[in-house]
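These figures come from a predicted structure and were not determined experimentally. So you know, we letter chains A, B, ... as the sequences are listed, proteins then strands, and number each from 1.
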Amino acid sequence: MLIFNTLTKKKEEFIPLNPPKVTIYVCGPTIYDFFHIGNARTFVSADIIRRYLEYKNYDVMFVMNLTDVDDKLIKKSNEENLPVEKIAQKYAEAFFEDIAKLGIKKANVYPKATEHMTEIIDLINTLVDKGFAYNVDGNVFYDVKKFKGYGKLSGKNVEDLESGARVEINEDKQNPLDFSLWKKAKLGEPFWESPWGNGRPGWHIECSAMSMKHLGQTIDIHIGGSDLVFPHHENEIAQSEAACNTEFVKYWIHCGFLNINQEKMSKSLGNFFTAREILKRFNPNAIRLFFSQTHFSGPLSFSDELLEGAEKGLEKIYNLVQRIESIAPSNDSGLITFEQERYLFAFESAMDDNFNTSQALAAIYDFTRDFNKYLSKNEKVPVEVLDSAKKFLKSTLTDVLGIQVFKEAENRNSKEDELIKLFIDLRTKAKLEKNYKLADEIRDNLKNIGVILEDSKEGTTYKISSK
RNA sequence: GGCGACGUGGCCAAGUGGCUAAGGCGAAGGUCUGCAAAACCUUUAUUCAUCGGUUCGAAUCCGAUCGUCGCCUCCA
C-alpha cells in the first residue's frame with residue numbers, strides 16, 4: 001500500500017511502526033463556530049483513510065483534537081458575551097452533530113487543549129530546559145534557529161522566510177519566525193498558572209502534547225489540510241522532535257482545499273457554506289460521494305450543480321441496490337453466476353495507491369453497469385450471487401467510503417408500504433382497463449409526494465426519492 | 001519577492017513513459033414501455049494549455065511561454 005508523504009514528497013510503501021497497530025492524529029476544528037463544508041472535506045478524507053486501514057485489518061487508534069482555547073474563541077466570547085467554555089461547549093456539540101450526519105466514525109479520543117495543560121506545560125518546560133525556547137516576560141517563544149530541521153516539511157528555509165517579511169513584528173521575539181509556546185494572559189483573558197506566570201498555550205504546542213500523550217512520541221500518520229503544512233505542522237515537528245529526539249510522524253498526509261469560483265473556501269475570505277447548511281439541502285451520502293469523486297489531495301471545486309451531479313450518481317447506485325433487494329434468490333442448480341472478483345480487485349488496487357477514491361469509484365460504477373446487465377439477462381439469480389453483490393457494495397461503498405446504500409430500504413415503514421401498494425394495485429387495474437389517464441394521475445401524484453413508480457415486466461415497484 | 005501545485009471531452013475527473021486516454025454528470029439516437037421512469041446499447045478527446053527538446057515510443061520526462069491557484073499572517 002502506497003501513501004504520499006508530504007515530508008518526502010514521494011509515494012512510499014506504508015509500513016506502520018507496530019503493525020497491526022496504526023496511530024493516526026488529525027488536526028481537528030477550533031470550536032468557535034460551525035465548521036464549513038471545506039473543513040468537512042478534510043474530516044471525511046481522514047475518515048475514509050481510517051476506514052480503509054480498518055478494512056485492511058489494521059488496528060487503528062484515531063485521535064482528533066478540539067482546540068478549545070485560542071484568540072478566535074476569546075474574540076467570539078467577547079462578541080457574544082459568554083465565557084469561552086460556553087462557546088467551546090456549544091460548538092463542540094454542533095461539531096459532533098454534524099460529523100455524525102456526515103457518517104464520520106467517532107475518534108477513539110477527542111482531546112481538548114484545556115484538559116491537557118499539565119502535559120503542555122511539561123513539554124514547554126522540556127523545550128526551555130533544552131535551550132529550544134526562551135521566556136520574555138511571561139511569553140515563551142520557540143527559537144526556530146536552534147532546530148536544525150526547521151523547514152523540512154514545507155520545503156522552506158529560514159532565510160527565505162525572513163526575506164518574505166510578511167511575518168508579524170513582535171519586539172519580544174529574537175527572530176520574527178519564532179512562534180509562541182506560551183502566551184501571557186491579558187486582562188480578562190482565560191489563563192492557567194505556569195512557571196512563566198499566568199497565560200495560555202500557543203496554538204501549535206497542544207497538538208504536539210496531545211499527540212504524544214495519546215499516541216506516543218512517534219506516530220504513524222498525521223492528517224490535516226494543506227494550509228497547515230506551514231507553519232502549524234512545521235512547528236509541531238520542531239517542538240516534538242526537539243523535545244523527544246525521535247521522529248514525530250512517519251507519514252504526513254495533507255488534504256486539498258474546497259474551492260468556490262477557483263478560490264479557496266475559508267472563513268477569512270467569507271466565501272464559505274457551513275456543513276450544516278449544505279446538509280440541509282443535500283443527502284450526506286451524496287456529499288461523501290461528491291468528495292470521493294476527486295482525489296483528496298487535489299483541489300475540489302464546489303457548486304450546487306456539481307453536488308447535484310453526485311446525487312444522480314448516487315441514485316444510480318441506489319437503483320441497483322433496490323433492484324437487488326427486490327429479487328427473490330433462487331436455489332436452482334446450474335444457474336449462470338456473476339464473477340465479481342475483478343471489481344473488488346480494481347477497487348482495492350485503487351485504494352492501495354494512495355487512497356485513490358475516484359479510481360475506486362470507477363470500479364464500483366463498472367460493477368453497477370455490469371451487474372445491472374447480468375440481472376437483465378438472467379431471470380433466476382442464485383443466492384450466492386445476490387449475497388456477494390450485496391457484500392461487495394456494502395464493503396466498498398459503506399464500510400470504506402462511508403456511503404450508506406442499504407439503509408433506505410430498512411427504514412421503510414410498513415403502513416406506508418401497504419398504502420403505496422394499494423395505490424399500485426389501483427393503478428394496475430386502471431392500466432388493464434386502459435384508463436391511462438387515471439394511471440398517470442396516480443403516478444404523477446405519488447411522484448409529487450416523493451414516491452416514484454417504475455413499471456417492469458415483473459410488475460410495478462416503487463422507490464422513495466432520496467431528497 | 002521566496003517556495004509550491006495545477007492546466008485532460010460541454011462540465012467534473014482518473015491515468016504520470018508503451019495494449020483501443022478509466023469513471024461520473026450532461027447531450028443526441030436507439031432497445032424496452034400505452035406513455036414514462038429505471039436499466040442497457042451506440043455516439044460525444046486521432047488528443048491531454050502552447051511551443052520546442054529527450055526517446056524506438058510522452059498526456060506522462062526536460063526546457064521555455066501563457067494561464068489559474070495555494071503557502072509564506074488565523075485557516076482544513
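Considering only side-chain N and O atoms, A:Asn319 lies under 4.0 angstrom from the phosphate OP1 or OP2 of B:A39. Phosphate proximity of B:G24 to A:Lys312: absent, as no side-chain N or O sits under 4.0 Å from OP1 or OP2. Phosphate contact (OP1/OP2 of B:G2, side-chain N/O of A:Asn157, threshold under 4.0 Å): absent. Within the structure, every side-chain polar atom (N or O) of A:Lys316 is placed at least 4.0 Å from both OP1 and OP2 of B:A38. For the OP1/OP2 pair of B:A39 and a distance below 4.0 Å, the side-chain nitrogens and oxygens of A:Asn372 include no atom meeting the criterion.
Among the protein residues, A:Ile364 comes within range of no part of the nucleic acid, since none of its heavy atoms lies under 4.0 Å from any strand. Note on A:Leu453: a base of the nucleic acid sits closer than 4.0 angstrom, heavy atoms only. Across all strands, A:Thr294 comes closer than 4.0 Å only to sugar-phosphate atoms, never to a base (heavy-atom distances). Nucleic acid contact class of A:Gly298 (heavy atoms, under 4.0 Å, all strands): none. A:Lys373 comes within contact range of the sugar-phosphate backbone alone, with a heavy-atom separation under 4.0 Å but no base atom that close. Heavy atoms of A:Phe43 sit nowhere under 4.0 angstrom from any nucleic acid atom. Here A:Gly155 lies in heavy-atom contact (under 4.0 Å) with sugar-phosphate atoms only. In this structure, A:Asn356 reaches the sugar-phosphate backbone alone: every heavy-atom distance under 4.0 Å involves primed, P, OP1 or OP2 atoms, never a base.
Here the nucleotide nearest the side chain of A:Arg323, chosen from B:C35, B:A39, B:C69, is B:A39. Ranking B:C12, B:C40, B:A38 by closeness to the A:Glu454 side chain, first place goes to B:A38. The nucleotide whose nearest atom lies closest to any side-chain atom of A:Thr30 is, among B:A76, B:C71, B:U68, B:A76. Listed nucleotides B:A37, B:G34, B:A76 differ in distance to A:His36; the shortest reach to its side chain belongs to B:A76. Side-chain proximity of A:Lys264 to the nucleotides B:C12, B:C71, B:A39 is greatest for B:C71. Nearest to the side-chain atoms of A:Ser358 among the listed nucleotides B:A14, B:A76, B:C41 stands B:A14. Relative to the side chain of A:Ala362, the nucleotides B:C74, B:G23, B:G34 differ in distance, and B:G23 lies closest.
Aromatic stacking of A:Tyr365 on B:G23: not satisfied for centres closer than 5.5 Å together with planes under 30 degrees.
Checking each of A:Asn435, A:Asp440, A:Asp455 against A:Arg427 for a side-chain hydrogen bond (donor to acceptor under 3.5 Å, both in side chains) leaves exactly one that passes, namely A:Asp455. A:Phe35 pairs with exactly one of A:Tyr91, A:Phe273, A:Phe95 by the ring pair (Phe, Tyr, Trp, His ring centres under 6.0 Å) rule, that one being A:Phe95.
Remark: C1' of B:C12 and CD of A:Gln359 are 16 Å apart, rounded to the nearest angstrom. When the C1' atom of B:U16 is taken as reference, atom CZ of A:Phe4 falls 13 Å away, rounded to whole Å.
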| Going through the distances and angles, do A:Gln359 and A:Asp353 end up as a side-chain hydrogen bond (donor to acceptor under 3.5 Å, both in side chains)? | CA-CA 10 Å; A:Gln359 206 165 50; A:Asp353 185 7; over 6 Å; no
| message | Does A:Thr357 form a side-chain hydrogen bond (donor to acceptor under 3.5 Å, both in side chains) with A:Arg288? I'd like the steps, not just the answer. | response | CA-CA 11 Å; A:Thr357 50; A:Arg288 290 188 70 118; over 6 Å; no
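The base-pairing partner of B:G7, taking Watson-Crick or G-U wobble contacts with both distances under 3.5 Å, is B:C66.
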Could you go over nucleotides 4-6 of chain B and give all protein N or O partners under 3.5 Å, atom names and distances?
none

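Aromatic ring pairs are classed by plane angle as parallel below 30°, tilted from 30° to 60° and perpendicular above 60°; the pair A:His204 and A:Phe179 is perpendicular. Under the 30°/60° scheme for interplanar angles, the aromatic rings of A:His233 and A:Trp252 are found to be tilted.
In the region residues 437-448 of chain A, proximity to RNA chain B at under 4.0 angstrom, judged on heavy atoms, holds for A:Asp440, A:Arg443.
The pair A:Lys105-A:Asp47 does not meet the salt-bridge criterion, since no charged nitrogen lies less than 4.0 angstrom from a carboxylate oxygen.
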